[in-house]
Amino acid sequence: MESSFLPWDLPSRWMGCDEGDYSHLFPLLRAQGYAQACPHMTHLTLASTSQIRAELLRNAGLEIETVAARVDEEAIKAALLAEDAKPRDIADALAEAKARKVAMKGTAGLVLGCDQVLEFDGRVISKCANSGDALELLREMRDKRHSLLSAAVIYEGDKPVWRHVGVARLMMRDASDAYLEDYIARNWESIRHSVGGYKLEEEGVRLMARVDGDYFTVLGLPLVELLSYLTLRGTLPK
Ligand SMILES: Nc1nc2c(ncn2[C@H]2C[C@H](O)[C@@H](COP(=O)(O)OP(=O)(O)OP(=O)(O)O)O2)c(=O)[nH]1
């Protein structure tokens with residue numbers, strides 16, 4: 001890789017290596033905060049504070065940077081609900097708002113915004129504020145179906161270049177009050193940031209009678225579709 005790809009102020013000690021591939025330096029460069037100076041090193045910037053989204057992307061081998069988008073989700077959601085927007089349009093609009101906010105800061109390369117919406121009984125359910133609300137929600141949702149809609153939007157420069165909304169349909173089992181109370185007491189600290197009050201990869205799976213749809217969509221990111229797009233456009237090797 002040409003040394004011109006590397007930041008001009010790269011400490012000379014790192015320029016000691018020959019003119020060949022610098023990729024073995026990338027962890028070192030990243031640790032020194034050079035990732036932004038070398039956008040080619042970063043496959044994309046994740047405009048999200050979601051731990052699971054960052055984990056899924058990194059586990060898939062992507063080099064990502066994370067930047068909090070800090071959009072007023074509740075205000076956007078309220079405005080869209082006032083216009084009778086569908087849950088998938090709300091998820092898509094929120095994902096786009098997050099990607100756009102970070103992209104407009106001049107972030108180099110691709111910026112990915114995401115949002116997950118839970119649809120139950122014709123309603124868009126927001127995250128529970130406390131464990132009592134979470135217990136109440138699970139009591140309502142047991143023995144019934146709900147859907148998770150995970151939207152992802154990619155910006156390049158000032159334009160959206162890709163979007164997808166993944167949908168998963170889940171049927172909760174008719175869990176007992178005693179189990180739900182114990183479940184919330186055991187898991188509240190872990191599930192407090194997950195819409196729906198569960199993490200499928202943890203004990204949340206014991207709430208379910210059936211899961212139809214993509215596992216990653218349930219976790220909050222249509223990962224397979226995203227990777228297909230990044231491969232198709234050449235960001236990831238074929
Ligand atoms: N680990 C895990 N997380 C889940 C699961 N289901 C939902 N989530 C997480 C994914 C997202 O982080 C969160 C959904 O809320 P949002 O889409 O608003 O994202 P969040 O507020 O976390 O971050 P962001 O708004 O993107 O900065 O719930 C699950 O089954 N497992």
Side-chain angles (χ1 to χ4, degrees), residues 44-60 64-78 80-81 87-103 105 107 110-120 124-129 131 133-134 137-138 141 145-155 163-173 183-184 186-224 226:
L44 52 75
T45 296
L46 173 61
S48 175
T49 57
S50 168
Q51 284 177 343
I52 188 66
R53 290 185 180 124
E55 191 182 315
L56 290 173
L57 291 167
R58 289 188 171 121
N59 288 350
I64 66 166
E65 297 300 317
T66 57
V67 175
R70 300 200 202 294
V71 302
D72 185 345
E73 292 189 50
E74 290 314 310
I76 296 172
K77 201 179 287 185
L80 289 167
L81 286 170
R88 69 178 300 130
D89 296 335
I90 293 171
D92 177 71
L94 284 166
E96 172 154 8
K98 296 175 199 178
R100 183 173 57 244
K101 178 88 179 284
V102 173
K105 289 177 184 170
T107 306
L110 301 178
V111 179
L112 170 66
C114 304
D115 192 77
Q116 187 179 58
V117 161
L118 187 151
E119 182 186 5
F120 169 63
V124 169
I125 304 290
S126 291
K127 283 179 211 162
C128 297
S131 58
D133 290 355
L137 177 63
L138 293 182
M141 286 171 59
R145 294 182 193 293
H146 67 277
S147 298
L148 285 173
L149 298 100
S150 291
V153 174
I154 290 182
Y155 260 64
R163 58 188 346 119
H164 183 82
V165 180
V167 182
R169 289 182 175 75
L170 302 94
M171 174 72 184
M172 271 199 186
R173 72 180 179 87
Y183 165 83
I184 290 291
R186 270 195 301 275
N187 295 280
W188 172 245
E189 278 317 308
S190 169
I191 58 172
R192 62 188 310 142
H193 299 302
S194 298
V195 75
Y198 60 80
K199 287 183 176 177
L200 194 65
E201 78 277 22
E202 295 179 359
E203 188 179 341
V205 66
R206 290 174 54 188
L207 297 170
M208 306 306 165
R210 186 184 166 98
V211 178
D212 292 307
D214 174 67
Y215 171 76
F216 298 109
T217 290
V218 176
L219 269 57
L221 177 68
L223 180 61
V224 173
L226 171 67

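Along the sequence shown, residues are numbered consecutively beginning with 1. Side chains are part of it too, since the values below use all heavy atoms of this structure and drop only hydrogens, waters and symmetry mates. Counting convention: from 1, in listed order, for ligands and their atoms alike.
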Show your working on side chain to side chain contact (heavy atoms under 4.5 Å, CB included) between T107 and V67 and close with a plain yes or no. CA-CA 10 Å; T107 306; V67 175; 5.6 Å; no

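- Between F216 and H164, a ring centre-to-centre spacing not shorter than 6.0 Å is recorded.
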Side-chain donor/acceptor pairs under 3.5 Å, residues 112-119, sequence neighbours excluded:
residue : atom : partner : partner atom : Å
D115    : OD1  : K98     : NZ           : 2.8
Q116    : NE2  : S150    : OG           : 3.1
Q116    : NE2  : T217    : O            : 3.1
Q116    : NE2  : V218    : O            : 2.8

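- Protein residues lining ligand 1, listed by chain and number: S48, T49, S50, I52, R53, E73, K98, C114, D115, Q116, K127, H193, S194, V195, Y198, K199, L200, E201, V218, L219 [non-hydrogen atoms, distance under 4.0 Å].
- Not counting sequence neighbours, the partners of R206 by the side-chain contact (heavy atoms from CB on, under 4.5 Å) test are Y179, E203.
- Side-chain contact between R145 and R169 is absent, with no heavy-atom pair separated by less than 4.5 Å.
- Applying the side chain to side chain donor-acceptor pair (under 3.5 Å) criterion to K101, with sequence neighbours excluded, gives no partner residue.
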